Amino acid sequence: MYTDLQLYIDGEWLNGAGRKSEEVLNPATGKVLASLPHATQADLDRALDAAEKGFAVWRATSAYDRAKVLRKAADLLRERTEHVAKVMTQEQGKPFPESRAEVIGTADIIDWMAEEGRRAYGRIVPGRSKNIRQLVLQEPVGVVAGFSPWNFPTLTPVRKVAGALAAGCSIILKAAEETPGSAVELVRCFHDAGLPKGVLNLVFGVPADVSQHLIGSDVVKKISFTGSVPVGKLLAGLAAKGMKKATMELGGHSPVVVFGDADPEKTADTIAAFKYRNAGQVCISPTRFYVQEGVYDRFLTRFTEYARNIKLGDGLEKGTTMGPLANPRRLDAMEAIVNDAKSRGGKIVTGGKRHGNQGYFFEPTVITDVPDDSKIMTEEPFGPVAPIVRFKTFDDVVERANSLPFGLAAYAFTTSTQTATMIGDALQSGMVGVNSVAISTPETPFGGIKESGYGSEGGIEGLEAYTNRKFISQG
Ligand code: NAD
C-alpha cells in the first residue's frame, strides 16, 4: 500500500543495494513504513553529471515540446491521485482529504508552469541609433539543486521542479527524508511522461552532506530551498560562496488581525479551519491572533468550539480532521511552547498536551493572556497551537504585528474598505490576506520578506526565478 523507495538518477531507479539507509515512519503509529536509500558521494556526482547533460538536451527542446511533457506528467499525477494521497498520508500524517487536495493542487502547478514556459517572453528595446537592435532575452539558468521539506511532500517539490523544467533547466531534487514516497511518486509521473534522462534527478541522504556537495559543485547554478530560517541562512551562505542564484522560502509567524467591525463567528470559522490544517505545520499558517476588544470574547468562544470539535486520528480513517505531527521533534517543540506560555501567566483554554499513546498527536490548543515576548508569540510554532490576544487600536496592532523579524504571511479581517486598504498597506509581509486566506495559488507569487527569505515561487515570478536575463545589442 505504501511505495518502493528509490533514488532516481540519469533516468534510472536505484534501490538500496550497498547504500546506507534510514527508516521512514508512519507518524500516526510510529511504525516503520519502508527503508530509504541514501545517495553515496558517487551517486551525487553521477546526478550532477546527468543533470549537466540533461540540461543540454532540455534547453534545446522547444518550449512547446517541454510543455507537452509537463502537461502529460500533470495528467498522470491526476490519474494517480488516490494512490499518491494514500502514500502521503501514511508518511506525513495529514488527513486523506488534505493529501488528495494537495496532489490535485500539485498537478495544477505543473499545468500552470507548462503554460508559462511558453510565455518566457523577452523584449525589443528601441536603440539610440538606427542600426542597433537591442534584445532582452530570458535564458534558463542551468542545473538547479532543490531542497524541499516534509510538510507538503508534493506541493513544495513541484514548485521547484515545475518552475525549473518549464524554464528549460534541469534539476536535482533532494526531497525530505521523512516524506520520500510522495516525491518518488511525483518524479515517477515525469519519468512516465517521457522526460529525457538526467533532466530530473531525485536523491536522499544526510541533508547537510547532500546540500554541501551539490551547492559546492560548479555544475549547480541555482538553488531553491524551503525550510527553516537557520538552515536557509546556512544554504544561502553556501550559495553566496559560488555567487549562485537562490530562492529561499523560510519560516514565518503570521499575524491575524481581527478588527472590531468583522463578523467574529464567521471569521473564527474561516481562520480556525486554516489554522489547524496540516496540524498547523504550514509556513503560512496563522499563528498570532490579535483580536480587537469589542469582538474578542465572541471570537474566542467560536474559535475554541472549532478546536474542540476537531477529530484527531490516523489520516486514513474516515472522519479524521487532524492527523499527528510529522515527527517527535514537533511534539517536544509544542510542549516547550505550552510550558513557556503557562509559566508567563498564559491560560490554556483547550488542549495543551499530547494525545493518545501511539504516534505523535498533540491536541488542538488555544492559549490566551500570553505576553508579546513569550515563545508562542515570537517563535514559529509549526503546530496546532493558537495564541489569541487583545488589541486596542490600529497603530498598536500594526506595531505588534510587524515587530518580529519574519515576513511571510499576514491576515486581516474587517468590513471597512478603508481599514482593509490601510492594513493591507501596513503589514510587513510577502503575502497578505485581507478577508481572505487564499494566498497560495499556482497563478500568484508566493514568498516572504525579512528573515522569511527572498524570491518567489508561483505566478510568472516562479518561472523567472529559473531564468537569466541576457541583453544583446546587435549592430
Ligand atoms: P530543520 O531546520 O531541521 O529542517 C528543515 C528542513 O530543512 C527539513 O526538510 C530538513 O531536511 C532540511 N535541512 C536541514 N538541514 C539541512 C541542510 N544542512 N541542508 C539541506 N537541507 C537541510 O527543522 P525541522 O525540525 O525539520 O522543522 C522545524 C522547523 O522548520 C519548523 O519550525 C519550521 O520553522 C521549519 N520548516 C519550514 C517549512 C516551510 O514550509 N517553510 C517546512 C518545514 C519546516
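Ligands are counted one by one from 1 in listed order, and the atoms in each one are counted from 1 as well. All of these numbers come straight from a predicted model, not from anything done at the bench.
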Discussion item. Would F152 count as a contact residue for ligand 1, given that I'm defining contact as a non-hydrogen atom of the residue lying under 4.0 Å from a ligand atom?
Written reply: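 F152: no contact with ligand 1 (<4.0 Å).
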Worksheet item: Would R330 count as a contact of ligand 1 if the rule is a heavy atom under 4.0 Å away?
Response: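 It does, in that a heavy atom of R330 comes within the 4.0 Å cut-off of ligand 1.
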Protein contact to [atom] [nearest heavy atom, distance to 0.1 Å]:
atom: atom 33 (C) of ligand 1; value: E380 OE1, 3.2 Å
atom: atom 43 (C) of ligand 1; value: P149 CB, 3.4 Å
atom: atom 19 (N) of ligand 1; value: S211 OG, 2.7 Å
atom: atom 38 (C) of ligand 1; value: F382 CZ, 3.5 Å
atom: atom 2 (O) of ligand 1; value: S228 OG, 2.6 Å
atom: atom 14 (C) of ligand 1; value: V231 CG2, 3.6 Å
atom: atom 27 (O) of ligand 1; value: W150 CZ2, 3.6 Å
atom: atom 12 (C) of ligand 1; value: F225 CE1, 4.2 Å

Hey, can you tell me if [X] and [Y] have their rings parallel, tilted or perpendicular (30° and 60° cut-offs)?
X: F289; Y: F299; answer: tilted
X: W13; Y: Y8; answer: tilted
X: F406; Y: H253; answer: tilted

Practice prompt. Give the C-alpha distance, both sets of side-chain angles, the deciding distance and a yes or no for salt bridge (charged side-chain N to carboxylate O under 4.0 Å, His left out) between R390 and D369.
Written response: CA-CA 8 Å; R390 298 166 196 266; D369 300 285; 5.7 Å; no
Going by the atom numbers of ligand 1, which of them fall below 4.0 Å from some non-hydrogen atom of [X]?
X: L250; value: 41 (N)
X: E249; value: 41 (N)
X: L234; value: 18 (N)

Basic-acidic side-chain contact under 4.0 Å: [X], [Y]:
X: R344; Y: D373; value: yes
X: E249; Y: R159; value: no
X: E115; Y: R71; value: yes

Worksheet item: OG1 of T444 to CD of E461: how many Å apart, nearest 0.5 Å?
Response: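 Rounded to the nearest 0.5 Å, the OG1-CD separation comes out at 9.0 Å.
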Worksheet item: Nearest 0.5 Å, what's the CG-CD distance between L36 and Q6?
Response: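 Reported to 0.5 Å precision, the distance equals 11.0 Å.
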Answer yes or no: does an N/O atom from [X] fall short of 3.5 Å to an N/O atom of ligand 1?
X: E178; value: no
X: N327; value: no
X: T226; value: no

Fill in: R277: partners by salt bridge (charged side-chain N to carboxylate O under 4.0 Å, His left out), with sequence neighbours left out
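With sequence neighbours excluded, R277 shows a salt bridge (charged side-chain N to carboxylate O under 4.0 Å, His left out) to no residue whatsoever.
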Worksheet item: Does K160 count as lying over the ring of F147, i.e. NZ or CZ under 6.0 Å from the six-ring centre, within 45 degrees of the axis?
Response: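 No, a cation-pi geometry is absent between K160 and F147.
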Item to complete: Identify the residue among R308, K353, R354 that makes a side chain to side chain donor-acceptor pair (under 3.5 Å) with E363.
Response: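 Going through R308, K353, R354 one by one, the side chain to side chain donor-acceptor pair (under 3.5 Å) with E363 is satisfied by K353 alone.
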Fill in: V210 and ligand 1 - part of the residue with a heavy-atom distance under 4.0 Å
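Contact part for V210 vs ligand 1: neither.
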Worksheet item: Can you tell which part of P207 has a heavy atom less than 4.0 Å from ligand 1: side chain, backbone, both or neither?
Response: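 Answer for P207: both.
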Fill in: Protein heavy atom under 4.0 Å of atom 16 (C) of ligand 1
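Yes, at least one protein heavy atom sits under 4.0 Å from atom 16 (C) of ligand 1.
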Worksheet item: Should one rank Q281, H253, E379, R329 by closest heavy-atom distance to atom 25 (O) of ligand 1, which comes out on top?
Response: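 Comparing heavy atoms across Q281, H253, E379, R329, the nearest one to atom 25 (O) of ligand 1 lies in R329.
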